[in-house]
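Accompanying notes for the structure given below.
Bear in mind that the values here come from a model prediction, so they are computed numbers and not experimental data. Just the heavy atoms: all of them, side chains too, but no hydrogens, waters or symmetry mates, feed the values below. In the text below, chain A, chain B and the rest are named by the order of the sequence lines, each starting its count at 1.
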Amino acid sequence: MNYLLAFLFGGVICAIGQVILDKSKLTQADLMVILVIFGSLASALGLYKPLVDMFGAGASAPVSNFGHVLTQGVIEGYQENGFFGVLQGGMAKAAAVLGASIIFGFFAGLLFRPKG
Amino acid sequence: MLKERESPQAKRYARLVEQEKPRVSLGFNILRAFLVGGSICLVGETIKTYLISYGMSVETAGIWMSISLIFLSALLTGLGVYDEIARFGGAGSAIPITGFANSIVAPAMEFRSEGAILGLAARMFVIAGPVIVYGLISATVFGLIRSVLL
Amino acid sequence: MNKTFTLKNVYVENTASVVGPTEGAGPLGDLFDVVIPDDIYGENSWEKAERKMLLESMGLCMNKSNYQTEDFDMILAGDLLGQLISANFAARDLLIPFVGVFGACSTFTLSIGLGSLLVESGFMNRVLAGASSHHETAEKTFRFPTELGVQRKATATWTMSGAGTVILGGVGPVRVSEVTFGRVVDYGLKDANHLGAAMAPAAFDTLNRHLTNLGKKPEDYDLIATGDLGSVGHIMLKHLMGDKSLGSGNLTDCGLLIYDTRQDTHAGASGCGASACVFSSHFFPLLVKGHINRLLLIATGALFGQTTAQQKESIPSIAHAVCFERVSDQ
């Protein structure tokens with residue numbers, strides 16, 4: 001059941017994204033930025049966590065989850081360390097994902113040749 | 001003198017261009033995005049469930065899931081497979097975190113020929129950079145409003 | 001309406017083309033002189049591969065006619081990359097006086113038109129004219145990195161990998177008889193994924209002027225071939241021609257001839273290479289063999305840059321027309 005919910009929810013988000021790409025002049029980069037902003041707004045309103053609880057990877061694999069993680073980091077940081085925590089919390093919470101992206105990206109760039 | 005690009009003739013032409021635009025089969029595109037995007041999430045869910053079954057906490061398993069997807073995406077991009085998946089899946093391959101990783105690996109590979117520093121390393125963030133910037137800005141603004149007001 | 005040049009003494013002596021593997025797999029694949037095995041062509045960057053293709057097409061041309069570099073008075077060539085790096089770097093290895101020309105994808109007929117005037121004037125005896133484009137260098141420069149997962153729009157054309165060169169001189173099987181240089185035409189279109197529609201008015205303007213200046217009709221040519229309007233741009237040109245009831249019976253587009261529909265290249269081929277390779281390896285032999293006697297080639301170019309596109313400016317376009325005639329055997 002968890003698998004089905006993840007598949008369906010993730011699929012629906014992507015389907016909506018496809019409508020936006022086909023019907024507007026927005027590029028893929030625009031779409032990713034919009035989703036991240038949307039994710040952090042939903043997170044601040046307390047709406048994103050229930051989605052993750054309900055749909056699992058369906059909500060946490062899309063890039064909007066990146067906005068959610070950053071926002072949760074900011075909120076938790078504020079509670080623990082005030083304004084210092086606001087500055088530190090977001091990136092701290094997303095550090096593993098960002099680090100992995102940069103490290104894997106770097107080595108893939110070194111190892112592989114583009115095929116075109 | 002009336003510029004040609006603002007002339008009534010040009011406006012008429014622009015309308016004609018709109019009419020002649022090939023209609024994309026939106027339904028088919030949506031279905032493919034749904035299937036590809038859903039499948040990537042399904043892979044993520046599988047990884048997550050597997051890790052949790054080995055006693056990992058839900059939150060840590062979620063982070064490892066993202067890292068695994070990023071690794072897979074970097075590998076598939078390197079092998080020249082991810083852009084083929086994207087040709088089929090469109091937004092379905094762009095929206096999951098794998099699309100974010102692809103947007104880092106692709107320019108890194110492409111611009112390696114311009115050097116390791118200003119080529120590979122600098123260009124990695126052509127698309128990922130804006131995502132990180134707007135992610136952090138929106139998270140700070142929304143998170144701060146939420147924290148201060150509530 | 002701004003002059004059309006009619007020439008008497010300029011001939012295409014020989015042609016050569018070098019194309020990429022995707023183009024080699026298309027319907028004209030067997031006709032090209034060289035089909036390279038992959039787009040990197042043994043080099044370590046796409047850019048080096050493109051200039052190698054252009055240089056090879058020039059070398060082939062010279063070999064076919066048994067000429068040395070001393071036999072040429074000038075090279076006129078261009079490509080799509082910044083500072084014309086493919087043409088400039090290819091010319092570095094030839095030591096022939098060189099003039100780089102830029103007309104975006106119209107570069108091929110621009111080179112031929114200019115070269116023909118130089119030969120007709122008597123100042124020069126023999127000129128090499130060529131143009132190249134390369135799928136990956138163009139994608140990298142104008143769009144996205146090639147491994148980035150993007151879905152192409154249905155109206156987008158596929159920049160082809162290919163280089164074509166011709167020798168212009170005083171003898172040859174095909175004569176260059178008429179040249180009309182294009183005006184920059186801008187109908188205010190902004191979609192960089194739909195260049196065919198932006199360029200069609202330029203093709204129409206040049207065609208219209210060419211015919212009006214000479215008092216000719218489209219039927220006077222066996223074939224009128226635009227450069228790289230693609231499927232949608234081709235339809236738009238027909239619409240424009242319909243407006244002035246010029247008829248459109250013998251109209252084709254080089255970009256539509258390169259790929260077949262199974263190749264997932266959407267609206268067709270684009271790039272300087274489209275008109276250069278299709279002329280060199282398809283139209284030129286047709287003229288030599290007498291399957292067609294008069295060809296009007298109108299290569300089209302979109303004269304915009306990355307910066308103007310990001311600043312949301314419209315796309316100015318241009319088209320240059322050259323008429324080729326078969327020299328009847330007597």
Side-chain angles (χ1 to χ4, degrees), chain A residues 2-3 6-15 17-23 28-29 31-33 35-37 40-41 43-45 52 56-58 60-63 65-67 70-71 73-75 78-79 86 90-91 96-98 100-102 104-106 108-115, chain B residues 24 26 29-30 33-42 44-46 48-49 62-63 65-67 69-71 74-75 77-80 90-92 94-97 99-101 103-105 108-110 112 120-121 124 127-128 130-132 134-136 138-140 142-147:
Chain A
N2 286 344
Y3 294 115
F7 178 82
L8 289 177
F9 190 75
V12 166
I13 291 188
C14 294
Q18 188 68 39
V19 176
I20 296 172
L21 279 187
D22 282 351
K23 284 286 167 190
Q28 219 159 283
L31 185 63
M32 282 162 79
V33 168
L35 268 168
V36 167
I37 295 174
S40 53
L41 179 64
S43 178
L45 295 172
V52 176
S60 61
V63 75
N65 188 61
F66 185 60
L70 287 167
T71 308
V74 169
I75 293 170
Y78 180 81
Q79 285 162 359
V86 169
M91 288 305 244
V97 166
L98 278 176
S101 302
I102 292 171
F104 296 153
F106 179 81
L110 273 190
L111 286 174
F112 296 107
R113 289 269 164 277
K115 279 162 202 66
Chain B
V24 284
L26 190 57
N29 276 358
I30 291 173
F34 176 79
L35 290 176
V36 171
S39 303
I40 295 173
C41 295
L42 186 61
E45 185 65 29
T46 311
K48 197 169 148 185
T49 311
I63 296 170
M65 175 206 74
S66 295
I67 294 171
L69 288 178
I70 289 165
F71 177 79
L75 186 67
T77 305
L79 296 173
I95 288 176
I97 193 79
F100 178 75
S103 80
I104 292 178
V105 178
M109 287 163 68
E110 186 88 359
R112 202 204 138 170
L120 189 158
M124 279 168 86
I127 294 158
V131 175
I132 296 171
Y134 286 104
L136 188 62
S138 60
T140 308
F142 296 141
L144 200 56
I145 293 174
R146 159 87 196 208
S147 303

### Message
For chain A, which candidate among B:Lys48, B:Met124, B:Glu110 shows the most heavy-atom pairs at distances under 4.5 Å?
### Response
B:Met124
### Query
With a 4.5 angstrom heavy-atom cut-off, which part of B:Ala101 approaches chain A: side chain, backbone, both or neither?
neither
## Note on the structure
Most contact-rich option vs chain A, by heavy-atom pairs under 4.5 angstrom, among B:Ile40, B:Val105, B:Leu42, is B:Leu42
### Summary
Distance col, row A:Phe112:CZ vs B:Leu79:CG, nearest 0.5 angstrom, shows 4.5 Å
### Query
Considering only heavy atoms, which portion of A:Leu41 lies under 4.5 Å from any heavy atom of chain B: side chain, backbone, both, or neither?
both
### Query
Which bit of B:Leu120 comes within less than 4.5 Å of chain A, counting heavy atoms only: side chain, backbone, both or neither?
side chain
### Task
Counting only heavy atoms closer than 4.5 Å, note whether A:Leu21 contacts chain B via side chain, backbone, both or neither.
side chain
### Message
Can you tell me how far apart CD1 (B:Ile97) and CE (B:Met65) are? Round to the nearest 0.5 Å.
### Response
8.0 Å
### Task
Heavy atoms only, distances under 4.5 angstrom: which of B:Ile63, B:Ile67, B:Ile127 has the most pairs with chain A? Name it, please.
B:Ile67
#### Entry: Nearest-0.5 Å distance that lies between atom CD1 in B:Ile104 and atom CD1 in A:Ile102
6.5 Å
### Query
For the candidates B:Leu136, B:Leu69, B:Ile145, which exhibits the highest count of non-hydrogen atom pairs separated by less than 4.5 Å from chain A?
B:Leu136
### Query
Minimum heavy-atom separation for A:Ala44 to B:Gly143, with atom names?
CB-N, 4.5 Å
### Query
Excluding sequence neighbours, so at least two apart, what forms ring pair (Phe, Tyr, Trp, His ring centres under 6.0 Å) with A:Phe66?
B:Phe100
### Query
If you round to the nearest 0.5 Å, how far is CD1 of B:Ile70 from OG of A:Ser101?
3.5 Å
### Summary
Turns out that what part of B:Thr46 lies under 4.5 Å from chain A's heavy atoms comes down to both
### Query
Going from OG on A:Ser40 to CG on A:Leu45, what distance comes out if it is rounded to the nearest 0.5 angstrom?
9.5 Å
#### Entry: Segment of B:Ser103 engaging chain A (4.5 angstrom heavy-atom cut-off)
side chain
### Message
Heavy-atom pairs under 4.5 Å with chain A - which of B:Ser147, B:Gly62, B:Gly99 has more of them than the others?
### Response
B:Ser147
### Query
Under a 4.5 Å heavy-atom cut-off, does chain B meet the side chain of A:Leu110, its backbone, both or neither?
both
### Query
Tell me, side chain or backbone of A:Ile75 under 4.5 Å from chain B's heavy atoms, or both, or neither?
both
### Task
Please flag which part of A:Phe106 lies under 4.5 Å from any non-hydrogen atom of chain B: side chain, backbone, both or neither.
both
#### Entry: CG on A:Leu35 to CD1 on B:Ile95, rounded to 0.5 Å
5.0 Å
### Query
For A:Tyr3, does the OH atom sit with more than 12 other heavy atoms under 6.0 Å from it, leaving out its own atoms?
yes
